[in-house]
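Remarks on the structure that follows.
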Amino acid sequence: KNFVTVQDLELISIKKTGSLIRWCCTTPGKLSGFSDIATLSNLGEKIGLIFQMADDIVDGLNLSGRPPFQDIINGQLNFVTLKLIELYPELAVSVYRFKDNPMVGIPWTMDQYNEAIRGSDTMIRE
């Protein structure tokens with residue numbers, strides 16, 4: 001079984017949301033003749049990563065108008081569910097089982113999930 005890592009999620013975020021925001025940051029710089037495009041590019045990637053992490057938090061809190069936990073129900077772990085596994089390694093098998101078959105039911109408590117949310121900001125490297 002392939003396990004997702006934080007580095008995998010970072011790369012996905014940078015290539016997905018980060019690339020869009022990177023373009024939004026670098027294009028005006030290029031058009032205006034700004035010389036430090038690399039800094040703008042890095043800024044865009046970081047904003048994209050932060051946006052994705054915020055989206056992952058919202059996914060489990062039913063704040064987006066969608067039912068909660070849609071990422072994992074759709075078979076995708078996110079930053080919060082990875083932090084949940086890090087904090088509660090005994091839940092790893094159950095979380096992956098839920099990812100593969102949501103009908104088995106959510107294996108964590110809301111208190112555990114909230115703790116994972118609070119700790120997810122420590123997952124990203126500088």
Side-chain angles (χ1 to χ4, degrees):
K1 186 172 255 199
N2 292 332
F3 293 97
V4 176
T5 67
V6 171
Q7 291 77 22
D8 295 332
L9 291 180
E10 279 185 52
L11 184 60
I12 291 166
S13 296
I14 288 170
K15 288 186 178 238
K16 190 173 119 181
T17 312
S19 66
L20 171 66
I21 298 175
R22 179 180 56 238
W23 183 86
C24 292
C25 290
T26 59
T27 300
K30 288 177 183 178
L31 292 173
S32 69
F34 186 69
S35 62
D36 192 3
I37 301 302
T39 296
L40 295 176
S41 179
N42 188 44
L43 175 66
E45 288 180 2
K46 297 292 185 195
I47 292 171
L49 187 57
I50 292 166
F51 178 89
Q52 190 58 56
M53 290 183 80
D55 186 64
D56 290 354
I57 290 169
V58 169
D59 180 64
L61 296 178
N62 199 17
L63 298 174
S64 66
R66 308 183 309 166
F69 307 117
Q70 287 300 295
D71 286 345
I72 196 164
I73 288 171
N74 290 325
Q76 301 169 347
L77 295 182
N78 62 31
F79 287 104
V80 179
T81 49
L82 280 185
K83 187 63 175 186
L84 186 69
I85 291 169
E86 180 184 309
L87 291 171
Y88 302 98
E90 67 277 10
L91 289 176
V93 170
S94 298
V95 169
Y96 275 91
R97 188 177 300 126
F98 179 67
K99 178 183 89 59
D100 295 336
N101 179 11
M103 298 305 289
V104 300
I106 295 170
W108 56 80
T109 67
M110 206 57 207
D111 286 341
Q112 290 170 322
Y113 195 78
N114 285 332
E115 187 174 347
I117 288 171
R118 286 189 296 275
S120 62
D121 65 338
T122 63
M123 297 182 77
I124 301 301
R125 305 178 321 275
E126 272 303 313

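As the structure is a computational prediction, the values presented were derived from the model and not from experiment. Computation of the quantities below employed the complete heavy-atom set of this structure, encompassing side-chain atoms and omitting hydrogens, waters and symmetry-equivalent molecules.
In this structure, CD1 in Ile14 is found 5.0 Å from CD in Glu45, a value given to the nearest 0.5 Å. Rounding to the nearest 0.5 angstrom, the gap separating the CE atom in Met53 from the CG atom in Asp56 is 7.5 Å. With rounding to the nearest 0.5 Å, the separation of CZ in Arg22 from CG in Asn42 is 10.0 Å.
Connection of Leu40 to Leu20 is not established within any shared hydrophobic cluster, with ILVMFWY side chains joined at heavy-atom distances below 4.5 Å, either directly or through further cluster members. Residues Leu61 and Ile50 are members of separate hydrophobic clusters, defined by side-chain heavy-atom contacts under 4.5 angstrom among Ile, Leu, Val, Met, Phe, Trp and Tyr. No chain of hydrophobic side-chain contacts below 4.5 Å, direct or via other Ile, Leu, Val, Met, Phe, Trp or Tyr residues, connects Ile12 to Ile47.
The closest donor-acceptor contact from the side chain of Ser41 to the backbone of Ile37 lies at 3.5 Å or more, if one exists at all. Between the side chain of Asp55 and the main chain of Phe51, no donor-acceptor pair closer than 3.5 Å is present. Here the side chain of Ser19 pairs a donor or acceptor atom with the backbone of Lys16 at under 3.5 angstrom.
Listed here is the closest heavy atom pair of Thr17 and Gln52: OG1-OE1, 3.2 Å. Taking each heavy atom of Leu77 and Leu9 in turn, the nearest pair found is O-CD2, 3.7 Å. Here the closest heavy-atom approach between residue Pro107 and residue Ser94 is recorded as CB-CB, 3.4 Å. What you find for Leu49 and Glu10 is that their closest heavy atoms are CD1-CA, 4.0 Å. In this structure, Lys99 and Pro102 approach most closely via the heavy-atom pair O-CD, 4.3 Å. Summarising the geometry of Gln112 relative to Leu91, their closest heavy-atom pair is OE1-CD1, 3.8 Å, with the distance given to 0.1 Å.
Members clustered with Leu11: none, using a 4.5 Å side-chain heavy-atom cutoff among hydrophobic residues.
At least one side-chain heavy atom of Ser120 sits under 4.5 Å from a side-chain heavy atom of Ile57. Taking the side chain as every heavy atom from C-beta outward, Lys46 and Ile21 never approach each other to under 4.5 Å.
With sequence neighbours left out, the side-chain contact (heavy atoms from CB on, under 4.5 Å) criterion links Asp8 to Val4, Thr5.
Relative ring orientation between Phe69 and Tyr113 is described as perpendicular, the plane-to-plane angle rising above 60° on a 0-90° scale split at 30° and 60°.
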Between side-chain atoms of residues 78-89 and protein atoms elsewhere (two or more places apart, or another chain), which donor-acceptor pairs fall under 3.5 Å?
| unit_1 | atom_1 | unit_2 | atom_2 | d |
| --- | --- | --- | --- | --- |
| Asn78 | OD1 | Val80 | N | 3.0 |
| Asn78 | OD1 | Thr81 | N | 3.0 |
| Asn78 | OD1 | Thr81 | OG1 | 3.3 |
| Asn78 | ND2 | Asp71 | OD2 | 3.0 |
| Thr81 | OG1 | Asn78 | N | 2.8 |
| Thr81 | OG1 | Asn78 | O | 3.1 |
| Lys83 | NZ | Glu86 | OE2 | 2.8 |
| Lys83 | NZ | Thr122 | OG1 | 3.2 |
| Tyr88 | OH | Glu115 | OE1 | 2.5 |

